[in-house]
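Take a look at the structure set out below.
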Amino acid sequence: MDLSYMKPLLEQAAAEGKALGSFTVWALDVCQAVVEAANLCKRPAILMAGKIEARYAGGVKNIVRLAKLAAENSDMPIALHLDHAEEYGFIREAVDSGFTSVMIDASAKSFSENVERTGAVVEYAHRAGVTVEAELGRIGGVEGNIDVRDEDAFQTDPDEARQFVEKTGIDALAVGIGSVHGVYPFPPNLNIPRLKNIRNATAIPLVLHGGTGIPVEQIRASIKNGISKINVCTELLITYGQSMTKTQSAGGFRYSVPNLFAPSKQALKELFCMRIGQFGRE
Ligand code: 13P
């Protein structure tokens, strides 16, 4: 199956009271693990890469190639999303290369500059049918090239969210409701009352970043109140790395490529199945 646009998948998930998992990918085996898990769970899924994963893979075109290869025999729809991109030129390159969804992150700018930068991306991406996600408020934490300190993080204002969606024409909104990128420095405590107010202010699918480490009951509450896409990265890296270390230090490894990588791919696949199942339950 060819890669799917993200907007209809999110709208379908929202109509069913479910969310889709969006998982960071950087190599073919990771893309395959997501697609295999999606097919096992009979749910769509989103492959996601940011600037550093694209650079690691040798550029955005290579991420598209990896995603297409992994998705070609999939029975479930698979979208390819560009995560947290700040530069217009880079986003255009991703759109032109075959990403089916892009995120413009101008959340560090003023409201009006965020509107302006996001609107320009919407205009370009929508001409190609590509879905656009943007962020309002500022999600804190450290992960990859994201580094937002506590004092710079702030939650999304519902009234601004309504205006932002109307002015920009985006398809999905990443909200600040207390989630954090990376490993949580404190117990996660999502601001569900604020999420409810954002949901009442705008009807478009909402996105939860910082999926690693959020307890399942808070995940469920967020989906019930408008979250249709949940981004997960850090726990994949932890799982993959721990599996490689364990395999390498166990007897019988014998410098074999499948001996080293197959258990790590399997560990990721089990994690994806677990998350896709959690997010896709009614
Ligand atoms: P985590 O790394 O905390 O899972 O967050 C991923 C994310 O939100 C990427 O945009």
Side-chain angles (χ1 to χ4, degrees), residues 6 10 19-26 30-31 33-34 37 45-56 60 63 67 79-87 90-91 94 99 101-108 118 131-150 152-153 155-156 170-191 195 205-216 218-219 222-223 227-242 267-268 271-272 274-276 278-279:
M6 194 172 79
L10 292 189
L20 298 184
S22 187
F23 303 106
T24 299
V25 297
W26 58 93
V30 185
C31 296
V34 175
I46 302 162
L47 306 172
M48 155 175 96
K51 195 169 192 173
I52 58 171
E53 291 83 24
R55 196 181 297 141
Y56 175 77
V60 284
I63 294 279
L80 177 60
H81 176 72
L82 182 71
D83 197 29
H84 287 284
E86 295 178 1
E87 298 143 31
F90 183 59
I91 296 173
F99 272 72
S101 174
V102 291
M103 177 186 186
I104 157 77
D105 181 358
S107 61
T118 301
T131 308
V132 180
E133 173 185 329
E135 177 172 328
L136 187 69
R138 196 123 195 258
I139 300 163
V142 180
E143 176 239 304
N145 57 347
I146 304 160
D147 188 352
V148 179
R149 281 148 219 279
D150 278 359
D152 295 325
Q155 298 195 0
T156 307
I170 53 167
D171 306 298
L173 179 68
V175 291
I177 53 165
S179 69
V180 166
H181 289 111
V183 173
Y184 277 79
F186 43 76
N189 184 18
L190 297 185
N191 190 341
L195 177 61
L206 304 176
V207 181
L208 180 65
H209 283 241
T212 296
I214 301 177
V216 67
Q218 290 189 40
I219 296 270
S222 74
I223 296 170
I227 293 295
S228 307
K229 168 175 176 269
I230 302 176
N231 286 9
V232 183
C233 174
T234 301
E235 70 180 10
L236 320 183
L237 301 181
I238 293 172
T239 299
Y240 198 82
Q242 282 177 345
L268 278 185
L271 177 63
F272 295 140
M274 194 263 287
R275 287 302 190 196
I276 291 172
Q278 270 176 3
F279 302 163

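Both counts, for ligands and for their atoms, begin at 1 and track the order of listing.
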(message) Which residue is it: M103, H81, M6? I am looking for the one with a side chain to side chain contact (heavy atoms under 4.5 Å, CB included) to T131.
(response)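 Of all the options given, the one that passes is M6.
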
(request) May I ask you to identify the nearest protein heavy atom to atom 8 (O) of ligand 1, giving residue, atom name and distance to one decimal place in Å? (result)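 Sorting protein heavy atoms by distance from atom 8 (O) of ligand 1 puts G210 N, 2.8 Å first.
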
(request) Write out the residue and atom name of the closest protein heavy atom to atom 4 (O) of ligand 1, then the distance separating them to 0.1 Å. (result)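 That would be T212 OG1, 2.5 Å.
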
(request) Look at K229 together with E133 and state whether they make a salt bridge at an N to O cut-off of under 4.0 Å. (result)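 Looking at K229 and E133, the cut-off is met.
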
For [X], counting its heavy atoms only, list the atoms of ligand 1 lying under 4.0 Å from any of them.
| X | answer |
| --- | --- |
| G182 | 1 (P), 2 (O), 3 (O) |
| D83 | 9 (C), 10 (O) |
| V180 | 3 (O) |
| H209 | 8 (O), 10 (O) |
| T234 | 1 (P), 2 (O), 3 (O), 4 (O) |
| C233 | 1 (P), 2 (O), 4 (O), 6 (C) |

(message) Could you tell me if the side chain of L268 sits less than 4.5 Å from the side chain of F23, heavy atoms only?
(response)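 A side-chain contact is absent here, since even the closest heavy-atom pair is not under 4.5 Å.
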
(request) With the side chain counted from C-beta on, respond yes when L237 and W26 share a heavy-atom pair under 4.5 Å apart, and no when they do not. (result)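 Counting from C-beta outward, L237 and W26 do come under 4.5 Å.
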
(message) Under the side-chain hydrogen bond (donor to acceptor under 3.5 Å, both in side chains) definition, can you give me all pairs with a residue in residues 138-149, not counting sequence neighbours?
(response)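 Non-adjacent pairs meeting side-chain hydrogen bond (donor to acceptor under 3.5 Å, both in side chains): zero.
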
(message) Contact between ligand 1 and H84 is defined here as a heavy atom of the residue under 4.0 Å from a ligand atom; is it met?
(response)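 Per 4.0 Å heavy-atom rule, H84 contacts ligand 1.
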
(message) Looking at every heavy atom in both G211 and I230, which two are closest together, and how far apart are they?
(response)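 Answer, listing the atom of G211 first, then I230: CA-CG2, 4.1 Å.
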
(request) Just jot down the ring-ring contact (aromatic ring centres under 6.0 Å, His included) partners of H84, sequence neighbours excluded, or say none. (result)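 Listed in chain order: H181, H209.
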
(request) Would you tell me which option among E235, H81, E143, E135 has the nearest heavy-atom contact to atom 6 (C) of ligand 1? (result)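 Nearest option to atom 6 (C) of ligand 1, by heavy atoms: E143.
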
